[in-house]
2 protein chains.
Amino acid sequence: MADEQFYMQQALQEARKAAEAGEVPVGAVVVCRDRIIARAHNLTETLNDVTAHAEMQAITAAANALGGKYLTDCTLYVTVEPCVMCAGAIAWSQMGKLVFGAVDEKRGYRRYAPQALHPKTEVVTGVKAEECAQLMKDFFKKKR
Amino acid sequence: MADEQFYMQQALQEARKAAEAGEVPVGAVVVCRDRIIARAHNLTETLNDVTAHAEMQAITAAANALGGKYLTDCTLYVTVEPCVMCAGAIAWSQMGKLVFGAVDEKRGYRRYAPQALHPKTEVVTGVKAEECAQLMKDFFKKKR
């Protein structure tokens with residue numbers, strides 16, 4: 001539990017970098033055997049690319065770090081519930097565990113594709129949920 | 001209709017490149033106002049990256065070619081029904097039209113997330129379906 005708080009804090013730091021860059025503030029880290037092997041934040045505006053979500057980049061970077069494309073021994077921490085695209089990527093990677101902070105009722109994978117993840121992927125929700133959600137709320141309030 | 005056949009033939013050429021490289025043979029092209037603006041094939045093994053599906057790369061390349069991340073005036077041709085991840089990316093890109101060849105009963109988005117696409121995206125299926133499916137069958141037969 002203390003670990004989950006710590007790693008989500010790291011994902012939150014990534015999310016804040018996204019906010020500072022004018023990006024929807026979502027951050028992610030991938031942890032393998034108590035080490036952070038990838039950090040990423042949303043870059044869709046900067047890269048002009050809808051596929052550049054934090055999770056997608058974190059998965060690519062983690063596979064690169066490990067030299068293998070399956071992440072069965074890894075945990076992905078992400079500040080907001082992944083979308084359908086990212087859930088699909090998490091499934092293909094055979095991610096061991098997914099921990100997310102805030103739920104996303106509107107765009108989260110659980111609304112559109114509740115069976116999208118690999119059946120063996122353990123899911124933990126609600127870690128630092130309020131802090132993760134507050135970052136999103138602050139961002140969209142400023143946008144209006 | 002003749003156009004659809006032509007562009008799917010181009011996607012099939014990409015799929016054959018994938019097969020030659022030992023990749024699951026899926027190819028894609030993005031067409032905007034009668035011009036092919038992106039071509040891609042599956043590179044998950046070569047890049048060691050589960051996110052490197054043909055469609056994902058084609059979407060990234062098309063946005064790059066257009067200088068904008070929304071592909072509302074574009075059509076994506078892909079030899080096989082997209083997976084959940086790719087359907088999510090197609091949705092985020094607001095792709096105008098999706099044309100695919102062979103269905104994928106097992107991994108296709110329609111099984112897990114039939115509502116994943118943007119509601120405005122037109123979908124056409126079955127273009128050169130047999131040829132697209134045969135490439136996949138031949139590939140997996142060799143693998144066994």
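Per chain, numbering begins at 1; letters A, B, ... match sequence-line order.
Linking Ile, Leu, Val, Met, Phe, Trp and Tyr residues whenever their side-chain heavy atoms come within less than 4.5 Å leaves B/V127 and B/L135 in two separate clusters. Cluster annotation: A/V124 is not connected to A/L12 through the hydrophobic network of ILVMFWY side chains, with a link wherever side-chain heavy atoms come within less than 4.5 Å. Under the 4.5 Å side-chain heavy-atom criterion for grouping Ile, Leu, Val, Met, Phe, Trp and Tyr, A/V26 is connected to A/L117 within one hydrophobic cluster. By the criterion of side-chain heavy atoms lying less than 4.5 angstrom apart, applied directly or through intervening Ile, Leu, Val, Met, Phe, Trp or Tyr residues, A/V99 is grouped together with A/V31 in one hydrophobic cluster. In the hydrophobic clustering of ILVMFWY residues, with side-chain heavy atoms under 4.5 Å counting as a link, B/M56 and B/V50 come out together.
Among residues at least two apart or in separate chains, there is no ring pair (Phe, Tyr, Trp, His ring centres under 6.0 Å) pair with a member in residues 124-144 of chain A.
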So between chain B and chain A, what donor-acceptor pairs come in under 3.5 Å?
{"unit_1": "B/E45", "atom_1": "OE1", "unit_2": "A/K69", "atom_2": "NZ", "d": "3.4"}
{"unit_1": "B/E45", "atom_1": "OE2", "unit_2": "A/K69", "atom_2": "NZ", "d": "2.8"}
{"unit_1": "B/N48", "atom_1": "OD1", "unit_2": "A/K69", "atom_2": "N", "d": "3.3"}
{"unit_1": "B/N48", "atom_1": "ND2", "unit_2": "A/G67", "atom_2": "O", "d": "3.2"}
{"unit_1": "B/D49", "atom_1": "OD1", "unit_2": "A/T60", "atom_2": "OG1", "d": "3.4"}
{"unit_1": "B/D49", "atom_1": "OD2", "unit_2": "A/T60", "atom_2": "OG1", "d": "3.0"}
{"unit_1": "B/T51", "atom_1": "OG1", "unit_2": "A/T60", "atom_2": "OG1", "d": "3.3"}
{"unit_1": "B/T60", "atom_1": "OG1", "unit_2": "A/D49", "atom_2": "OD1", "d": "3.4"}
{"unit_1": "B/T60", "atom_1": "OG1", "unit_2": "A/D49", "atom_2": "OD2", "d": "3.0"}
{"unit_1": "B/T60", "atom_1": "OG1", "unit_2": "A/T51", "atom_2": "OG1", "d": "3.4"}
{"unit_1": "B/G67", "atom_1": "O", "unit_2": "A/N48", "atom_2": "ND2", "d": "3.2"}
{"unit_1": "B/K69", "atom_1": "N", "unit_2": "A/N48", "atom_2": "OD1", "d": "3.3"}
{"unit_1": "B/K69", "atom_1": "NZ", "unit_2": "A/E45", "atom_2": "OE1", "d": "3.4"}
{"unit_1": "B/K69", "atom_1": "NZ", "unit_2": "A/E45", "atom_2": "OE2", "d": "2.8"}

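Between B/A116 and A/V84 the shortest heavy-atom distance is CB-CG1, 4.1 Å.
Using a 4.5 Å cut-off between heavy atoms, B/A87 does not touch chain A at all.
Chosen from A/A52, A/G68, A/A62, A/A91, the residue pairing most often with chain B at heavy-atom distances under 4.5 Å is A/G68.
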